[in-house]
Amino acid sequence: MAVAAAIPTALPVPAIPVRQILPYAVFAGIISLIALYFVGAEQGALAVFEGTAVHELVHDARHLLGFPCH
Amino acid sequence: MPLTETDAPPASATLTVRSLLVWGLLAGLIGGLLAFGFASAFGEPSVDAAIAIEEAGAGHSHGDDHATQGEHGHGAEPAEEEVVSRAFQSTGGLGIGAVAYGLGLGGLFSLAFAFAYGRVGSLSPRATSLAVAGLGYLAVVLVPFLTYPANPPAVGNPDTIGDRTGLYFGMIAISLALLVAAVATARALAPRLGGWWSTVVGGVGYAVVVTVIAKLLPSFQEVPDGFPGWLLWEFRIASLGTSAVLWAGIGITFAALLQRGLTRTRVA
Ligand SMILES: [Zn+2]
């Protein structure tokens with residue numbers, strides 16, 4: 001690590017088999033999508049929770065990340 | 001730190017989905033914080049200006065039903081409707097939103113990387129990270145934005161929010177699916193056409209199909225009369241910039257963590 005300049009750019013690293021990725025993809029993928037949903041759409045077009053607290057909290061991020069808000 | 005046991009065979013590094021996910025979340029955290037900084041500096045002024053116009057009544061597209069709906073903390077209705085103060089929305093709320101989005105995106109990014117690495121040409125791990133970030137920005141941000149541009153407060157009819165949200169998410173999904181199809185097509189054609197022409201065919205094919213679909217989908221013209229054009233531009237450019245910072249932050253941070261992790265296991 002001391003010789004940073006000598007770090008090779010192309011390491012012989014094999015691709016990960018799809019079968020290994022899939023369980024993680026389902027699990028982490030769903031959780032990640034939920035995070036994106038709460039920032040992007042909750043209490044706008046759709047609502048899991050009552051009220052407007054989530055919408056107002058992430059309001060400016062929702063606008064600036066390009067999602068329709070109102 | 002020394003003698004770290006990995007499940008990799010000695011002297012040759014491997015990638016595990018678990019470590020990719022950790023790096024993806026870290027990259028998402030960094031990217032989210034950077035996007036928060038960018039949005040605070042360059043996005044909030046236009047959001048504030050748009051809300052000022054909305055409150056002054058120029059944003060009349062909200063109409064009378066806005067008051068009855070009471071859906072919005074930044075509307076023209078009395079301030080007591082606000083659950084989260086504007087001051088916090090534009091600071092802490094923006095930060096929480098940007099970081100939560102960054103974490104989610106970072107997680108998905110690491111999964112996309114896991115699928116893409118070693119399957120798209122002969123790119124190194126770091127180059128693959130940047131390629132996923134660049135193509136992801138194109139397909140998930142830029143093309144949906146060009147189809148349904150981001151709007152500041154005061155722009156948008158509450159009656160169409162359901163349609164617009166559905167179409168925006170739909171456009172992201174379509175664009176992403178077409179990107180995957182274009183990459184797969186380019187890869188399949190590479191042996192016959194060579195890398196350059198197969199990439200051109202994939203890229204042009206994506207552009208043509210996505211443009212046709214975007215033009216077939218309904219569009220919405222909901223900018224209120226009198227809303228300043230410069231403000232719309234300023235907001236939209238800030239929006240594209242915020243996403244660019246987020247995606248670049250994730251791509252570069254992920255690449256750096258990847259390289260660090262790979263060289264370290266390789267040494268061990
Ligand atoms: Zn709004």
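First the proteins, then the strands, lettered A, B, ... as listed; each starts at 1.
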Just to verify, what does B:Arg164 make a salt bridge (Lys or Arg N to Asp or Glu O under 4.0 Å) with, not counting sequence neighbours?
B:Glu222
side-chain contact (heavy atoms from CB on, under 4.5 Å), that's the test. Do B:Arg119 and A:Val18 meet it? Break it down for me.
CA-CA 11 Å; B:Arg119 296 185 177 89; A:Val18 171; 3.6 Å; yes
Work out which heavy atom in B:Pro153 is nearest to a heavy atom in A:His59; give both atom names and the distance.
CG-CE1, 3.9 Å
Test item: A:Glu56 side-chain N/O and B:Val84 main-chain N/O as donor-acceptor pair under 3.5 Å:
yes
Taken to the nearest 0.5 Å, the spacing of B:Glu54 CD from A:His70 NE2 works out to 5.5 Å
Just jot down the side-chain contact (heavy atoms from CB on, under 4.5 Å) partners of B:Ala49, sequence neighbours excluded, or say none.
B:Leu231
Between B:Tyr101 and A:Arg62, is there a side-chain heavy-atom distance shorter than 4.5 Å?
no
Top contributor to chain B interface from A:Gly66, A:Ala45, A:Ala41, A:Ala35 [non-hydrogen pairs under 4.5 Å]:
A:Gly66
Contacting moiety of A:Pro23, where chain B heavy atoms sit under 4.5 Å:
neither
Between A:Ala15 and B:Gly118 the two heavy atoms that sit nearest each other are CB-CA, 4.0 Å
Here the gap from B:Leu103 atom CG to A:Ile31 atom CD1, rounded to the nearest 0.5 Å, amounts to 12.0 Å
Checking A:Val58 against chain B: side chain, backbone, both or neither under 4.5 Å from a heavy atom?
both
When you measure from the side chain of B:Tyr117 to the backbone N and O of A:Val13, does any donor-acceptor pair fall under 3.5 Å?
yes
Spacing of CD1 belonging to A:Ile16 relative to OG belonging to B:Ser19, to within rounding of 0.5 Å:
7.0 Å
Holding to salt bridge (Lys or Arg N to Asp or Glu O under 4.0 Å), I want the full list of residues that pass it with B:Asp48, two or more places apart in sequence or in another chain.
B:Arg86
In short, A:Leu64 meets B:Gly43 closest at the heavy-atom pair CD2-CA, 3.8 Å
Determine which residues belonging to residues 105-113 of chain B lie within contact range of chain A, meaning some heavy atom pair is under 4.5 Å apart, and list them by number or answer 'none'.
B:Leu105, B:Gly107, B:Leu108, B:Leu111
